[in-house]
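Everything quoted here is computed from the prediction, not taken from an experiment.
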Amino acid sequence: MSIAKTYNPKEAEDKWYSYWMENGFFRSTPDEREPYTIVMPPPNVTGVLHMGHMLNNTIQDVLIRRARMQGKNACWVPGTDHASIATEAKVVAMLKEQGIDKKSLSREDFLKHAWEWKEKYGGIILKQLEKLGASCDWERTKFTMDADLSESVIDTFIKFYKEGYIYRGVRMVNWDPQGKTALSDEEVIRREVNQKLYYIRYNIKDSNEFIIIATTRPETIMADAAICINPSDERYTHLKGKTVIIPLINREIPIIEDEYVDIEFGTGCLKVTPAHDLNDYALGQKHNLEIIDLLNDDGTLNAHAQILVGEDRFIARKKIAKLLEEVDQIEKIEDYKSQVGFSERTDAAIEPKLSMQWWCKMDKLAQPALDYVVSGEVNLIPDKFTSSYKHWMENVKDWCISRQLWWGQRIPAWYNEKNEWVVAKTESEAITEFESQGKVSSNIRQEEDVLDTWFSSGLWPMSVFDGVRNPENEEFNYYYPTNDLVTAPEILFFWVARMMIMGHEYTGKAPFKNVYLTGIVRDKLGRKMSKSLGNSPDPIELMAQYGTDGVRVGMLLSSPAGNDLMFDVSYCEQGRNFANKIWNAFRLVKGWETANTPANEAQKTAAKWFESKFNATLIEIEDHFNHYRLSDALMSTYKLVWDDFCAWYLELVKPAYQAPIEMETFEVVKGFFKRILTLVHPFMPFLSEELWHDELFGERDVKDCIIVAEYPKGGNIDQKIIKEFTFVQQIISEVRNIRNTKQISPKIALPLAINATEIDFTNYQESIIKLANIEQLTFVQEKVAGAVSFLAGKEECYVALEENIDVDAERERITKEIDYLKGFLFSVDKKLSNERFVQNAKPEIIQNEQNKKADAESKMKILAESLASLS
RNA sequence: GGAGAAUUAGCUCAGCUGGUUCAGAGCAUCUGCCUUACAAGCAGAGGGUCACUGGUUCGAACCCAGUAUUCUCCACCA
């Protein structure tokens, strides 16, 4: 036999992926079938495949392949996200390496470089997804900055503006001094940081007294507008209405009073710096304080600081502290831990900064998106995310949507010479608009800022089908709303919520029905896998090592929805072994010669059993899929294949060495095998396709591929056979166990006698003889003396060994079993004799207890007789 | 500081509205096997005071309260 002993994934993978592509199996066009749509969460163009993508896209591929096989019109839309900040940062870094400073470039030239970069590297991650076997419709591949998608974004901005959701205003924003752009709250990650708390003395004007404030940011004292105390703080009553002098620069500022100040914290005195702190800003507004912004966009001190101009904020902090010490204005310095915000994209410490930005009003927009989830129109899976989603949506704040970047959709607002502005799609429309408002319309210029990336991602499920610009188009009406969204919980608010908001605004419908939130892939130590930690295996290498199917199985086996997954390569090993198991089952069947003899009863019964077992498992699998328990669905499949099919069914029908198999049985086996392959296909697409095309399973047309083969449908389940067969299995196991404990070689056939009282073993006896290696199977009505006995159900079985049995050991074993049953019966009796139990418990439960009792009693009777016959 | 979740075999997890089994699976472990598909395998076995303490109930891994530990999300305390 020339078939390899192990499955070789490499060949099969390349071969079948290009075969599927060539024959257009991933392609989707609207027709009469039921649609099944998934839009891929677009990875960043800057990205390379990591374990998270791997998990995510494996899940999507399993869902889409299964739907395709179920005869649905499966459409999986791939694409990438322009990720403005991350990409712009990357391009800036690349230019820097070439000695080009971004500042020296015009917007147009910079964008030219950026697009070049995108063309060169933007497709890498999608190519990697092909390796994973992703069966997306590549002809639909979209990029969030494609012309049509960008236009959708601009149209949406204008629509939202006209509807009054978008406004422009000066607010405190999260400023990223490295990316030099504003960020939304969601793009800021807070981390606890070890800091110093500086206690600084401010002298009271015309007095020898001073007041001490505590701050972590001494570099901002030059921007102080006031000192604030709590009005009910008796320590400072005498200072009310006085003014203090800011150290080093000697500017005079008032002492104000506000309940906001916590008397307990620090010194109970607060310096108010409206330009550099969110709360201070609010206080400043309330008390009408001057706003002094002493920072440049890059985080260095500007002229307003008066001293240390041009120094970076962190260097300035240390220097100021030193200067203050020199003039003896520092009372003390304490170690202190506090939360500091960092930019999600650049990891720079966020600076609260006052600036003019574009905003999207969220309260009204959020309501329907909240309702979708609360009403269950959109399911979050697992359900536990619903509460945090609710909490977030009920407390949304306005969304800062402008970014001071070039890479992205430029905001369609226009300014005239007087800095008046209008919102319009084109320059000429803007001119018209200015004129209609009776304003100057010459020399107008477009807003420099671009929109937040998530503004375009929010449109993704619609814009990929051109549903924003052209809502009546056939594709959009057919494929939208989509069915399932598979994504990471981290972007539930960033993205998922905003898709619902935008979907609702345009269509009045949620963009999807189910949101499957995957867990985070962690290493064995529970740390998130990341490039920076270096604890993540390279998925491409994993696939090379274990085969794509093996890795897919490995990922899925351990990832219940929403639970983090502690990844370990041993899972991939298990996946690879499973692939190999199937491969070898194929090798077995492939090697059989056939004979034109009819199947015997044992084989027919085995087939009936497996048929029933298959159908029962199918129901189980369906149920798992319906609840998005993919790992359980896979495990059920795994056991069906490994245990039921290979370990039992194939062993039952396997012909003796070099003997042929009956044609009839051969056909049945092949039929089962094919159905197993279809069941396995969504998880292991390559192996299943490879085997599907083997001549063993007959001639195939070009398009007769498993990827579009019919997914198994349910069928008859013979509960009686399933039940009887469990006893057969038990008998076989018991005999094997006896062999094992008595150190008898499996080659030595043993005699077995069964006292059958309930089951008709006619159709099973051959199977028992074969799998338990029985020399002679007899049916008896009475005890067999001197034999080892065991119970299978109520059937007592005897194995007579050549050597004399160890009577004491047997007695002990039986006594132990009787003792167990006694205890068991005792507890059942206790229940049944409890009046309250009999009164309160449901009838079927009482019946059950009675059955248990009867069962245990008859077993005990048999055992007692055995015990008696021993002596 | 607020909210949510988790805690079941060495590991990763099931256990659906409390009532078939003094709790199941996969992996790992142990024992015996290179048995003519597969040692990436076969056969068999062992392994758990269901975090802790109380409570509700005829009955609790499951419900309630508290404690401990862990995780996640949210929040402006200088």
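For B/rC38, the OP1/OP2 oxygens have no side-chain nitrogen or oxygen of A/Asn577 closer than 4.0 Å. Considering only side-chain N and O atoms, A/Trp392 lies nowhere under 4.0 angstrom from the phosphate OP1 or OP2 of B/rG2. Residue A/Thr741 places none of its side-chain N or O atoms closer than 4.0 Å to OP1 or OP2 of B/rG44. The side chain of A/Arg836 places an N or O atom within less than 4.0 Å of a non-bridging phosphate oxygen (OP1 or OP2) of B/rC58. Between A/Tyr657 and B/rU35 there is no side-chain N or O to OP1 or OP2 distance below 4.0 Å. Regarding contacts with the backbone of B/rG41, every side-chain N or O of A/Lys5 stays at 4.0 angstrom or more from both OP1 and OP2. Distances shorter than 4.0 Å separate none of the side-chain N or O atoms of A/Lys742 from OP1 or OP2 on B/rU31. For A/Lys852 and B/rU21, the shortest distance from a side-chain N or O to OP1 or OP2 is below 4.0 Å. Distances shown here put a side-chain N or O of A/Tyr638 below 4.0 Å from the OP1 or OP2 atom of B/rC27. The side chain of A/Arg576 places no N or O atom within less than 4.0 Å of a non-bridging phosphate oxygen (OP1 or OP2) of B/rA40.
Within 4.0 Å (heavy atoms only), A/Ser745 reaches no atom of the nucleic acid at all. At a threshold of 4.0 angstrom between heavy atoms, the contacts of A/Asp262 include nucleobase atoms, whether or not backbone atoms are also involved. Residue-level contact check: A/Tyr820 touches the bases, meaning some heavy atom is under 4.0 Å from a base atom. Within 4.0 Å of A/Thr215, counting heavy atoms only, lie sugar-phosphate atoms of the nucleic acid but no base atom. Base engagement by A/Lys581 is indicated by at least one non-hydrogen atom pair under 4.0 Å involving a base atom.
If you look at A/Tyr389 and A/Trp392, their ring centroids are not closer than 6.0 Å.
Considering only the side chain of A/Leu270, B/rA78 comes nearest among B/rU36, B/rG32, B/rA78. The side chain of A/Lys397 lies closest to B/rA75 when the candidates are B/rA40, B/rA75, B/rA37. You'll find that the side chain of A/Pro746 is closest to B/rU35, out of B/rC38, B/rA75, B/rU35.
Following rounding to the nearest Å, A/Tyr260 (OH) and B/rC76 (C1') show an atom-to-atom distance of 5 Å.
Classified by interplanar angle (parallel below 30°, tilted 30° to 60°, perpendicular above 60°), the ring pair A/Phe673/A/Phe645 is perpendicular.
Taking atom P in both B/rC33 and B/rG10, one finds a spacing of 28 Å when rounded to whole Å. Comparing B/rA65 with B/rA28, their P atoms sit 41 Å apart, to the nearest whole Å. Rounded to whole Å, the separation between the P atoms of B/rU49 and B/rA43 comes to 29 Å.
Under 3.5 Å, the side chains of A/Asp224 and A/Tyr202 contain a donor-acceptor pair of N or O atoms. Side-chain polar atoms of A/Glu187 and A/Ser184 form a donor-acceptor pair below 3.5 angstrom. The closest side-chain donor-acceptor pair between A/Asn851 and A/Gln847 falls under 3.5 angstrom. Side chains of A/Thr220 and A/Lys271: a donor on one and an acceptor on the other come within 3.5 Å. Between the side chains of A/Asp335 and A/Asn194, not a single donor N or O lies within less than 3.5 Å of an accepting N or O.
Consecutive Watson-Crick or G-U pairs involving RNA chain B, each under 3.5 Å on both distances, make up stems of three or more pairs at B:1-7 with B:68-74, B:10-13 with B:24-27, B:29-33 with B:41-45, B:51-55 with B:63-67.
A/Asn584 places a side-chain N or O within donor-acceptor distance of the main-chain N or O of A/Lys5, the cut-off being under 3.5 Å.
For RNA chain B, the residues of residues 644-655 of chain A within the heavy-atom distance limit of 4.0 Å (strictly under) are A/Cys646, A/Ala647, A/Glu651, A/Lys654, sorted by number.
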